*Asks:* 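Below are the structure tokens for one structure; questions will follow.
Note that this is a predicted model, so its numbers are computed, not measured.
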Amino acid sequence: MDYEIIIAGGGMVGAALAGLLGQAGKKVAVLEATAPRAFVVSDPFDNRVSALSRASQRLLEQAGAWPEVLALRAAPYENMQVWDATGAGLIRFEAAELGEPDLGHIVENRVLQLALLATLTRYPSVDLLCPTRLADFELSPQQITVQLADGRRLTAQLLIGADGAQSGVRRLAALPYEVLDYGQKAVVATVYTALPHEATAWQRFLPSGPVAFLPLPHPQACSVVWTLAADQADAVLLWSAERFNRELAQALDFRLGELISSEGRAAFPLRGLHAQSYLHERVALIGDAAHTIHPLAGQGVNLGFKDAQVLAELILANQTADLGSLRLLRRYERARRGDNELTQKLMEGFSLLFSNTLPPWQWLRNTGLSTVNQLPPLKYQLARRAMGL
């Protein structure tokens, strides 16, 4: 079975890249190990969500998947409020002051993947092979041959690893990477609050780590990401529902009142990962296979979508080129490595700054938040940059 491109990983980023390439008629195979659960409107909200920037929304529109996302469920957020628990520092962004309908959308990861995979069925040049996984690959001067776990063999000019932080493609290509364990876990849950969320993303920085309440498509439902030291997070998982709801409402300073209920409580370790090279002959990494970052600003999937956008544009702009050539792939790496690394380091820096309990640092961050909040041109320049406008 011959293809131009094989994408290992049919998650959000891999499927988005396949959609961009499939629209242009590129012959693509997408390998996905596990099909997502079918969506039913009455399903409870998933506890893994993404905060999509406007740039990511435009990519999904370009890939043909955005109407599918809206047809399932998504929550636009019109405001964002961030404040520090150790002082009066606060910053608030409002879409109306930017002349925009919203700042972005909160979408469940499962919904995003389902919408993208459904979109791929409209592109006859794209084959979704699921369930299956890559077992090995072999290189030759003109192509890469991929062997699947079920024994099938596929050939292509280029293999793309979009298979997550535990990437098999990265391992098989022997691409080195660095990992920084943050010593933290993200406790996630879906909660229902006494007060409506007002289409606002709320984030409070505590010395133990940030807590974020992200609005869902119900006026009193939020997806929570509560960053804690790993041992604290493990203890939180053992709390009774009553204690969890009480402590979590207090962590947000009761901005949304008491918690009526919570469900889907879980915890995930937080680690920063960056591949020292995104490339091997006829192999490229995108998304979490190449980099993961601290989730405090919700930029992980947005960086992955930028990878997909840049790589798709390079492929489509070089129709007669060998798509697996290092000359072409190095242009992709040069375009993306700096932005990914800078964002990763910025998130790590913010995490350290806001968890520091020394009075000079508390004064600095509270003063900084309040000062930027009082400088609308600077504040909204930052907002537009974060939205990709």
*Asks:* Checking the side chain of Y332 only, and the main-chain atoms of L285 only, is there a donor and an acceptor separated by less than 3.5 Å?
*Replies:*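 Present.
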*Asks:* Does any pair with a residue in residues 3-47 pass ring-ring contact (aromatic ring centres under 6.0 Å, His included), and if so which ones, sequence neighbours excluded?
*Replies:*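 As it turns out, there is no ring-ring contact (aromatic ring centres under 6.0 Å, His included) pair with a partner in residues 3-47 once direct neighbours are skipped.
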*Asks:* Looking at D322 and R327, is any side-chain nitrogen of the basic one under 4.0 Å from a carboxylate oxygen of the acidic one?
*Replies:*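 The answer is no: the pair does not qualify as a salt bridge.
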*Asks:* Give the cluster check for F205 versus L382: same hydrophobic cluster or not, with ILVMFWY residues linked at side-chain heavy-atom distances below 4.5 Å.
*Replies:*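 F205 clusters together with L382.
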*Asks:* L112 pairs by side chain to side chain contact (heavy atoms under 4.5 Å, CB included) with which of V13, V69, L117?
*Replies:*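 Between L112 and the candidates, side chain to side chain contact (heavy atoms under 4.5 Å, CB included) is satisfied uniquely by V69.
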*Asks:* Does NZ or CZ of R170 come closer than 6.0 Å to the centre of the six-membered ring of Y278, within 45° of the ring's axis?
*Replies:*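 R170 over Y278 ring: no.
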*Asks:* Can you see which heavy atom on N79 is nearest to which on E198, and at what distance?
*Replies:*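 Looking at all heavy atoms of both residues, the closest pair is ND2-O, 3.6 Å.
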*Asks:* For residues 212-233, which side-chain donor-acceptor pairs fall under 3.5 Å, sequence neighbours excluded?
*Replies:*
| residue | atom | partner | partner atom | Å |
| --- | --- | --- | --- | --- |
| H218 | ND1 | Q220 | N | 3.0 |
| Q220 | NE2 | T193 | O | 2.9 |
| Q220 | NE2 | A194 | O | 3.0 |
| Q232 | OE1 | A229 | N | 3.4 |

*Asks:* Taking side chain as C-beta onward, heavy atoms only, is L17 less than 4.5 Å from V30?
*Replies:*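 No, their side chains stay 4.5 Å or more apart.
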*Asks:* Do L148 and L31 come within less than 4.5 Å of each other through their side chains, counting heavy atoms only?
*Replies:*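 With C-beta onward as the side chain, the pair touches.
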*Asks:* Report the C-alpha distance between Q309 and Q62 in whole Å, list the side-chain angles of each, state the deciding distance to 0.1 Å, and finish with yes or no for side-chain hydrogen bond (donor to acceptor under 3.5 Å, both in side chains).
*Replies:* CA-CA 10 Å; Q309 180 90 54; Q62 186 180 345; 3.1 Å; yes
*Asks:* State which residues pass ring-ring contact (aromatic ring centres under 6.0 Å, His included) with F305; sequence neighbours excluded, sorted by chain then number.
*Replies:*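 If we apply the ring-ring contact (aromatic ring centres under 6.0 Å, His included) test to F305, skipping adjacent residues, there are no hits.
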*Asks:* Only counting residues at least two apart or in another chain, list the ones meeting ring-ring contact (aromatic ring centres under 6.0 Å, His included) with H280.
*Replies:*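 Applying ring-ring contact (aromatic ring centres under 6.0 Å, His included) to H280 gives none.
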*Asks:* Would you check if the side chain of R54 reaches a backbone N or O of A386 as a donor-acceptor pair within less than 3.5 Å?
*Replies:*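 Here the side-chain-to-backbone pair does not exist.
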*Asks:* Work out which heavy atom in V283 is nearest to a heavy atom in A173; give both atom names and the distance.
*Replies:*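 Reported closest heavy-atom pair: CG1-CB, 4.4 Å.
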*Asks:* Please determine if R92 and E94 form a salt bridge, counting it only when a charged side-chain N lies under 4.0 Å from a carboxylate O.
*Replies:*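 E94 and R92: salt-bridged.
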*Asks:* Any side-chain heavy atom of L273 sitting closer than 4.5 Å to one from D288?
*Replies:*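 Not in contact.
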*Asks:* For residues 64-84, which residue pairs pass the ring-ring contact (aromatic ring centres under 6.0 Å, His included) check, not counting sequence neighbours?
*Replies:*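 Every pair satisfying ring-ring contact (aromatic ring centres under 6.0 Å, His included) with a residue in residues 64-84: W66-H105.
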*Asks:* Looking only at side-chain N and O atoms, does Q157 offer a donor or acceptor that is under 3.5 Å from a partner on K27?
*Replies:*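 Checked: K27/Q157 side chains show no N/O donor-acceptor pair below 3.5 Å.
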*Asks:* Working note: H294 + Q344, criterion side-chain hydrogen bond (donor to acceptor under 3.5 Å, both in side chains); need CA distance, chi angles, decisive distance, verdict.
*Replies:* CA-CA 7 Å; H294 198 288; Q344 183 186 58; over 6 Å; no
*Asks:* Do Y177 and H274 have their ring centres less than 6.0 Å from each other?
*Replies:*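 So the answer is no for these two rings.
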*Asks:* For the pair L154 and T145, evaluate side-chain contact (heavy atoms from CB on, under 4.5 Å) and give the outcome as yes or no after the intermediate values.
*Replies:* CA-CA 6 Å; L154 316 176; T145 301; over 6 Å; no
*Asks:* Any salt bridge linking R73 with E108? Criterion: basic side-chain nitrogen under 4.0 Å from a carboxylate oxygen.
*Replies:*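 A salt bridge links R73 with E108.
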*Asks:* So does D46 pair up with R37, basic N to acidic O under 4.0 Å?
*Replies:*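 A salt bridge is present here (some side-chain N lies under 4.0 Å from a carboxylate O).
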*Asks:* Can you see which heavy atom on A63 is nearest to which on T119, and at what distance?
*Replies:*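 For A63 and T119, the tightest heavy-atom pair comes out as O-CG2, 3.3 Å.
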*Asks:* Quick one, T190 with N47, criterion side-chain hydrogen bond (donor to acceptor under 3.5 Å, both in side chains). Give me CA distance, side-chain angles, the key distance, then yes/no.
*Replies:* CA-CA 6 Å; T190 300; N47 60 16; over 6 Å; no
*Asks:* How many angstroms lie between atom CD of E333 and atom CG of L314, to the nearest 0.5 angstrom?
*Replies:*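 Answer for the CD-CG pair, E333 versus L314, is 12.0 Å.
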*Asks:* According to a hydrophobic-cluster definition based on side-chain heavy atoms being under 4.5 Å apart (Ile, Leu, Val, Met, Phe, Trp, Tyr only), do L195 and L259 belong together?
*Replies:*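 Per the 4.5 Å side-chain linkage, L195 and L259 are not co-clustered.
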*Asks:* Can you tell me how far apart CE (M80) and CZ (F93) are? Round to the nearest 0.5 Å.
*Replies:*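 The distance works out to 7.0 Å.
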*Asks:* May I ask you to say whether E348 pairs ionically with K345, meaning some side-chain N is under 4.0 Å from a carboxylate O?
*Replies:*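 Looking at E348 and K345, the cut-off is met.
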*Asks:* Restricting to non-hydrogen atoms, name the atom on A284 and the atom on L329 that form the minimum distance, rounded to 0.1 Å.
*Replies:*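 Shortest heavy-atom separation between A284 and L329 comes out as CB-CD2, 4.2 Å.
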*Asks:* Provide the closest heavy-atom pair for L70 versus A74 in the form atom of the first, atom of the second, distance.
*Replies:*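 Reported closest heavy-atom pair: CD2-CB, 4.3 Å.
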*Asks:* Please report the interatomic distance CG(L369) to CG(D84), rounded to the nearest 0.5 Å.
*Replies:*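 So the gap between those two atoms works out to 6.5 Å.
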*Asks:* Determine whether a donor-acceptor pair (N or O, by modelled atom type, separation under 3.5 Å) exists between the side chain of D307 and the backbone of G287.
*Replies:*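 Answer holds: yes.
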*Asks:* Do other residues, nucleotides or ligands put more than 12 heavy atoms under 6.0 Å from the CD atom of Q166?
*Replies:*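 Count not over threshold, so no.
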*Asks:* Side-chain donor-acceptor pair under 3.5 Å between E341 and H291, yes or no?
*Replies:*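 Side-chain D/A pair, E341 to H291: absent.
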*Asks:* Quick check for you: to the nearest 0.5 Å, what is the distance between L172 atom CG and S167 atom OG?
*Replies:*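 Atom-to-atom, L172:CG and S167:OG are 8.0 Å apart.
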*Asks:* Are L175 and L180 co-members of a hydrophobic cluster defined by side-chain heavy atoms under 4.5 Å apart?
*Replies:*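 No, no single cluster joins them.
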*Asks:* Once rounded to the nearest 0.5 Å, what's the spacing between atom CE of M12 and atom CG of L52?
*Replies:*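 Between M12 CE and L52 CG, I get 8.5 Å after rounding to 0.5 Å.
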*Asks:* Out of curiosity, does L270 fall in the hydrophobic cluster containing V49 (side-chain heavy atoms, cut-off under 4.5 Å, transitive links)?
*Replies:*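 As far as the 4.5 Å side-chain criterion goes, L270 and V49 are not connected within one cluster.
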*Asks:* Distance check, rounded to the nearest 0.5 Å: L129 atom CG versus D150 atom CG?
*Replies:*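 Answer rounded to 0.5 Å: 8.5 Å.
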*Asks:* Please find the pair of heavy atoms, one from A33 and one from P131, that lie closest to each other, and give the distance.
*Replies:*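 Shortest heavy-atom contact: O-CB, 3.1 Å.
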*Asks:* Taking everything shown except R133 itself, do over 12 heavy atoms lie less than 6.0 Å from its CZ?
*Replies:*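 No, the 6.0 Å shell around CZ holds no more than 12 heavy atoms from other groups.
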*Asks:* Quick one: does any side-chain atom of T371 pair with a main-chain N or O of G368 as donor and acceptor, under 3.5 Å?
*Replies:*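 The answer is no, because no donor-acceptor pair under 3.5 Å joins these two groups.
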*Asks:* Please output the side-chain donor-acceptor pairs of residues 239-257 that fall under 3.5 Å, not counting sequence neighbours, one pair per line with the distance.
*Replies:*
| residue | atom | partner | partner atom | Å |
| --- | --- | --- | --- | --- |
| S240 | OG | R243 | N | 3.1 |
| N245 | OD1 | S262 | OG | 2.6 |
| N245 | ND2 | A241 | O | 3.3 |

*Asks:* Between V126 and L316, is there shared hydrophobic-cluster membership here, with clusters defined by ILVMFWY side-chain heavy atoms closer than 4.5 Å?
*Replies:*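 V126 clusters together with L316.
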